[in-house]
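Just so you know, ligand 1 is whichever comes first in the structure, and atom 1 is the first atom listed for that ligand.
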Amino acid sequence: MAKLAETEGTSFVQWFRAAAPYIHAFRGKTFVLAFGGDAMLREDFVDLVYDINLLNALGVRLVLVHGVRPQVEERLVQEAQYVQGRRVTDSEALEHVKDAVGSVRVDIESLLSVGLPNTPMAGAEIRVASGNYVTAQPAGVLDGVDLQFTGEVRKIAVAPIRDRLAAGEIVLLSPLGYSPTGEVFNLTLEEVATQAAIALEADKLVFILDHGDTIDSKGRRINRLTAAQVPKLLRELPEGDMKLYLPHAALACKKGVGKVHLIGADVDGAVLMELFTHAGVGTMITRQSVENLRPASIEDVGGIVSVIEPLETEGILVRRSRERLEQEVEQFFVDELDGRIVGCVALYPFPETGAAEMACLAVAREFRRGGRGDALLAAVEEAALEQGLTQLFVLTTRTTHWFIERGFILGQPEDLPAPRKELYNWQRRSKVLIKTLTA
Ligand SMILES: CC(C)(COP(=O)(O)OP(=O)(O)OC[C@H]1O[C@@H](n2cnc3c(N)ncnc32)[C@H](O)[C@@H]1OP(=O)(O)O)[C@@H](O)C(=O)NCCC(=O)NCCS
């Protein structure tokens, strides 16, 4: 029993420590979290509310966007008419939408107000702000059919939302928008969430799927995607929320939202696992196109030098002569964007020990925070695994947390393969970080 408690305690402590870099990184960041009307009908919706509470407590600026599809459908007497996948909202349907939005909004506000002892909400005093933050316009006529009160987002009231977030409140947006002519329009939650994330320059946009999971047509989990890969995947995906949300995710990335996450609703704590562990449980979409990430050739040496030279001058990377780079260029991968090298990384295998060193990971300053570092790491991990290597190590003086967040653990110079240990620079005192790779 004591042993079990000890193991549980150890894994808790390890997990909590591993989450620390995220806790720091997320404070003050803006996340838009969108979930459909089905989520609220689930018994475990309260778990999502607990996770929202936790993110709020950690200082994340949260905008929630809820859906109401099942709640509206339940109220409709007549079956709705659809044109190109868009529902026609007549004046009667609009009344049901307003009714459903009102009731769902109150339910969410009430759940976020719980502060009962013996629940994760104990002591929480969450304030929720909602209102006319979304301006809408009519979607118009499609294929000769007037969509009536079906609308499109025209504007998001960025400054008032930011004020509420800065005051520590959670902002709750509904799939409704108001027009300067005094009309109300029915919107889709995915459009509201995407436009809000773009307008607020959100760091993350998170969609929780109501139906289906983040898997491809062969049932394989899709962990990472770039906006450029989305159109091809869309052609292969079956109908479902993944297919519905992906175009919005790609648009958000292209318009500057840092990262978009799609998460299946079936795993308890899925939001926390996706956001606080490097491996995640859903799909993360970033802007950069991987087509540009490729093994380097001799023509790339100039580009690599332009990326690493400023970092060598700052002492972040160890200086390499141009000659050495020319000799070793085949060990490098480069990230090329519009013909310019914007990132690089090198892989030096030590096959006799089953390990490889990752070195010279760098992204040009103006291109950082777009998931490029992650993509370069993924390329190196894949190449190492292809060579049958199962351990990746890196020596760094300033970027320890970045690696720890990505599954590396702190080691010692003694852990290095013998030939590398001999070259270890004791004056530089780099930290040794090690990651065990799994296919
Ligand atoms: C480390 C590096 C390659 C990351 O590149 P990137 O393209 O910005 O990486 P990503 O977009 O995938 O990740 C960015 C995240 O890493 C975080 N990050 C950047 N530098 C970090 C550091 N030194 N410690 C901890 N986190 C760091 C950013 O805050 C950002 O977090 P967020 O997404 O929560 O906002 C880039 O910062 C770099 O070139 N650094 C200098 C060179 C270096 O230190 N190399 C490693 C030694 S080999």
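- Distances below 4.0 Å separate heavy atoms of R398 from the following atoms of ligand 1: 23 (N).
- Remark: minimum distance from atom 47 (C) of ligand 1 to any protein heavy atom is reached at T396 OG1, 3.7 Å.
- Not one N or O on the side chain of Y424 forms a donor-acceptor pair closer than 3.5 Å with the backbone of E414.
- Geometric assessment of R429 against the ring of W426 yields a negative cation-pi assignment under the 6.0 Å and 45° thresholds.
- Checked against a 3.5 angstrom limit, the closest N/O atoms of G371 and ligand 1 fall inside it.
- In terms of protein heavy atoms, atom 7 (O) of ligand 1 is closest to G373 N, 2.9 Å.
- Residues S174 and R105 have side chains that bring a donor and an acceptor to within less than 3.5 angstrom of each other.
- Judged as a side-chain hydrogen bond (donor to acceptor under 3.5 Å, both in side chains), the pairs with a partner in residues 162-171 (not counting sequence neighbours) are, in order, R164-E169.
- Under 4.0 Å is where a charged nitrogen must lie from a carboxylate oxygen, and between E312 and R320 no such pair does.
- E191 contributes a side-chain N or O that, together with a main-chain N or O of V153, makes up a donor-acceptor pair within less than 3.5 Å.
- The protein heavy atom nearest to atom 34 (O) of ligand 1 is A25 CB, 4.1 Å.
- For L275 against F31, the heavy-atom pair with the smallest separation is CD1-CE2, 3.9 Å.
- Every atom of ligand 1 is numbered from 1 in the order shown, and the set under 4.0 Å from a heavy atom of D374 is 12 (O).
- Using a 4.0 Å heavy-atom cutoff, G258 is absent from the residues neighbouring ligand 1.
- A donor-acceptor pair is defined here as one N or O able to donate and one able to accept, closer than 3.5 Å; such a pair exists between the side chain of T150 and the backbone of R87.
- Protein heavy atom at the shortest distance from atom 38 (C) of ligand 1 is R368 NE, 3.4 Å.
- For atom 43 (C) of ligand 1, the protein comes within 4.0 Å by at least one heavy atom.
- Of the protein's non-hydrogen atoms, the one nearest atom 39 (O) of ligand 1 is V363 N, 2.8 Å.
- Looking at E274 and T283, their side chains never bring a donor and an acceptor atom within 3.5 Å of each other.
- Side chain to side chain, S297 and E299 meet the donor-acceptor criterion of an N or O pair below 3.5 Å.
- Those atoms of ligand 1 that come under 4.0 Å of a heavy atom in A362, given as number and element, are 39 (O).
- The closest protein non-hydrogen atom to atom 32 (P) of ligand 1 is R369 NH2, 4.1 Å.
- Any N or O atom pair closer than 3.5 Å counts here, and L311 shares no such pair with ligand 1.
- The part of I316 lying near ligand 1 is the side chain, judged by heavy-atom distances below 4.0 Å.
- The shortest heavy-atom distance from R406 to ligand 1 is under 4.0 Å.
- Interface atoms of ligand 1 facing L361, defined by a heavy-atom separation under 4.0 Å, are 3 (C), 42 (C), 43 (C), 45 (N), 46 (C), 48 (S).
- Within the structure, the closest approach of K259 to ligand 1 falls below 4.0 Å when heavy atoms are considered.
- Of the candidates I170, I156, L33, L165, L165 is the only one forming a side chain to side chain contact (heavy atoms under 4.5 Å, CB included) with V63.
- Of the possible donor and acceptor atoms, one in the side chain of R86 sits under 3.5 Å from a partner among the backbone N and O of G151.
- Between T400, T399, V345, it is T399 that holds the heavy atom closest to atom 1 (C) of ligand 1.
- Counting the atoms of ligand 1 from 1 in the order shown, those under 4.0 Å from a heavy atom of G370 are 11 (O).
- W402 N, 3.7 Å is the protein heavy atom nearest to atom 24 (N) of ligand 1.
- Counting only residues at least two apart or in different chains, side-chain hydrogen bond (donor to acceptor under 3.5 Å, both in side chains) contacts with residues 350-366 comprise E314-R365, R340-E366, E357-R420.
- Taking a cut-off of under 4.0 Å to the non-hydrogen atoms of R372, the atoms of ligand 1 that pass are 7 (O), 11 (O), 12 (O).
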